[in-house]
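Following: one structure in structure tokens, then a few remarks.
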Amino acid sequence: MEQLDNVMNTEIYNGTSLSDVLTLDFLAGILGNVVTGLLILLVGFLIAGWVRRRVVAISKRSARLDDTLFAFLGQIARYVVLVFTGLIVLNNLGIQTTSIIAALGAAGLAVGLALQGTLSNVAAGVMIIVFRPFKLGDFIEVAGEMGTVKDITLNTTELASIGNTQVIVPNASIWGNVIENYSVYSTRRAEWTFGVGYGANLKTAEEVILSTIMADERSKSDPEPFIQVNNLNDSSVDFLVRVWVESADYFQYQADMKRKVKEALDQHGVDIPFPTRTLMVERDEDGAIAAQ
């Protein structure tokens, strides 16, 4: 009996003995704290969801605001609300949160050291989302890959290649490299080099090339097109041509003009040379080819 009394009077938590725990008042208090904590947690989740939706809705107010950025900010705001909710619940249960925060900080440091590669992708993802060097739907070239941006997450960016294959690029590879965005500006400058023979009339060749290109409805006259002799090669005189066009038409337009200019030069009898080599044959007095 004495041993039972000793067990019942043993302190088990914050000055509370087992005999205190077994009282109805104490159990009612614990149950009340648990119910209160659950209610706080439920309200916290509801508030976190509401805050996230309100932040995301800000991007709908103007076409200039980026949806990806505000979706990311909405998730951050949700997690912040949930963290504070968790701390309130723990305090309500009488748990000291100071030591828990310190332990989580130490654990976070250890995890961070173990996951440096992953965290570098996350850090790069945050930079991409905040500074927005590109957005969903842009056509970009980065880290040796070219395609249309389909999705941006904290770890990776998804591209749809020209051949419509999925390309997943780690964000660290994107942020640490040069990003070429083809969708930012509405127009692009197409450029070609056309070679004609040394015997060709350069004025005629220039007129044929320029008139053929500018006859296409996609060619822009403002800014003014550019054409001039740019190089004297071994077997050709090269014209450098630059014309502005809508960005959406660029690739097909550039290919079409190569064929049209070739056909136009042929029709006007302008020679388009190809590399040639002249051989000098030396013969001896008997007409035999001399040894070289």
Next item on the list: Please examine the side chains of F239 and T193, heavy atoms only from C-beta on, and report whether any two atoms are closer than 4.5 Å.
Entry: no
Next item on the list: Examine F131 and I174 and state if one hydrophobic cluster contains both, with Ile, Leu, Val, Met, Phe, Trp and Tyr joined whenever side-chain heavy atoms are less than 4.5 Å apart.
Entry: yes
Next item on the list: Please check if atom CD in E224 has more than 12 non-hydrogen atoms from other residues, nucleotides or ligands closer than 6.0 Å.
Entry: no
Margin query: Testing V261, L240, V243 one by one against W192 for a side chain to side chain contact (heavy atoms under 4.5 Å, CB included), which residue passes?
Written below: V243
Checklist line | Evaluation steps, side-chain contact (heavy atoms from CB on, under 4.5 Å), between F134 and I179 | finding: CA-CA 9 Å; F134 52 82; I179 302 171; 3.9 Å; yes
Next item on the list: Indicate the atoms forming the closest heavy-atom contact of S173 with A143, along with that distance.
Entry: O-CB, 4.1 Å
Check: Do the side-chain N and O atoms of T157 and N171 include a donor-acceptor pair separated by under 3.5 angstrom?
Finding: yes
Checklist line | Distance, nearest 0.5 Å, that separates CD of Q252 from CE of M257 | finding: 9.5 Å
Item checked: Within 6.0 Å of OH in Y79, more than 12 heavy atoms from elsewhere -> no
Next item on the list: Please name the pair of heavy atoms, one in I272 and one in G195, separated by the smallest distance, quoted to 0.1 Å.
Entry: CG2-O, 3.7 Å
Check: Any side-chain heavy atom of Q228 within less than 4.5 Å of one from E206?
Finding: no
Item checked: P133 to I128 - nearest heavy-atom pair and separation -> CD-O, 3.4 Å
Item checked: Close side-chain approach of L265 to I209, heavy-atom, < 4.5 Å -> yes
Margin query: If I compare all heavy atoms of A160 with all of N164, which pair ends up nearest, and what's the gap?
Written below: CB-OD1, 4.3 Å
Notebook entry, point to check: Are D138 and N181 close enough, and set up right, to give a side-chain hydrogen bond (donor to acceptor under 3.5 Å, both in side chains), and what steps lead you there?
Noted result: CA-CA 7 Å; D138 283 355; N181 192 331; 3.1 Å; yes
Checklist line | Any side-chain heavy-atom pair of V51 and R54 under 4.5 Å | finding: no
Check: Does a donor on one side chain sit under 3.5 Å from an acceptor on the other, for Y250 and T187?
Finding: no
Check: Is any side-chain heavy atom of T153 closer than 4.5 Å to a side-chain heavy atom of D151?
Finding: yes
Check: M146, V169: one ILVMFWY side-chain cluster at the under-4.5 Å cut-off?
Finding: no
Checklist line | Side chain to side chain, V55 and W50, heavy atoms closer than 4.5 Å | finding: no
Notebook entry, point to check: Sub-3.5 Å donor-acceptor pair from the side chain of N233 to the main-chain atoms of S235, do we have one?
Noted result: no
Check: Can we say K150 and E158 salt-bridge, meaning some charged N sits less than 4.0 Å from an Asp/Glu carboxylate O?
Finding: no
Notebook entry, point to check: Can S236 and D238 be counted as having a side-chain donor-acceptor contact under 3.5 angstrom?
Noted result: yes
Margin query: When you measure from the centre of the six-membered ring of F251, is the NZ or CZ of R188 closer than 6.0 Å and no more than 45° off the axis?
Written below: yes
Checklist line | Same cluster (ILVMFWY, side-chain, under 4.5 Å), I58 and I129 | finding: yes
Notebook entry, point to check: Which residue pairs pass the side-chain hydrogen bond (donor to acceptor under 3.5 Å, both in side chains) test when at least one of the two sits in residues 140-149, sequence neighbours left out?
Noted result: E141-Y182
Margin query: Membership question, hydrophobic clusters at under 4.5 Å side-chain separation (ILVMFWY): are L159 and L136 in the same one?
Written below: yes
For residues 210-217, please give each side-chain donor-acceptor pair under 3.5 Å, one per line with the distance, not counting sequence neighbours.
unit_1, atom_1, unit_2, atom_2, d
S211, OG, E207, O, 2.7
S211, OG, V208, O, 3.2
T212, OG1, V208, O, 2.6
D216, OD1, R218, N, 2.8
D216, OD1, R218, NE, 3.0
D216, OD2, R218, NH2, 3.0
D216, OD2, K260, NZ, 3.0

Notebook entry, point to check: Do V241 and W244 sit in the same hydrophobic cluster, where Ile, Leu, Val, Met, Phe, Trp and Tyr count as joined when their side-chain heavy atoms come under 4.5 Å apart?
Noted result: no
Item checked: Rounded distance [0.5 Å steps], OG in S120 versus CH2 in W175 -> 14.0 Å
Margin query: According to side chain to side chain contact (heavy atoms under 4.5 Å, CB included), who are the partners of L41, at least two apart in sequence or on a separate chain?
Written below: F45, T85, V89
Item checked: Contact summary for G44 and L82, nearest pair of heavy atoms -> O-CD2, 4.2 Å
Check: Is there a side-chain contact between Y198 and V237 (heavy atoms, below 4.5 Å)?
Finding: yes
Checklist line | Atom pair NZ (K262) and CZ (F194), whose distance is rounded to the nearest 0.5 Å | finding: 12.0 Å
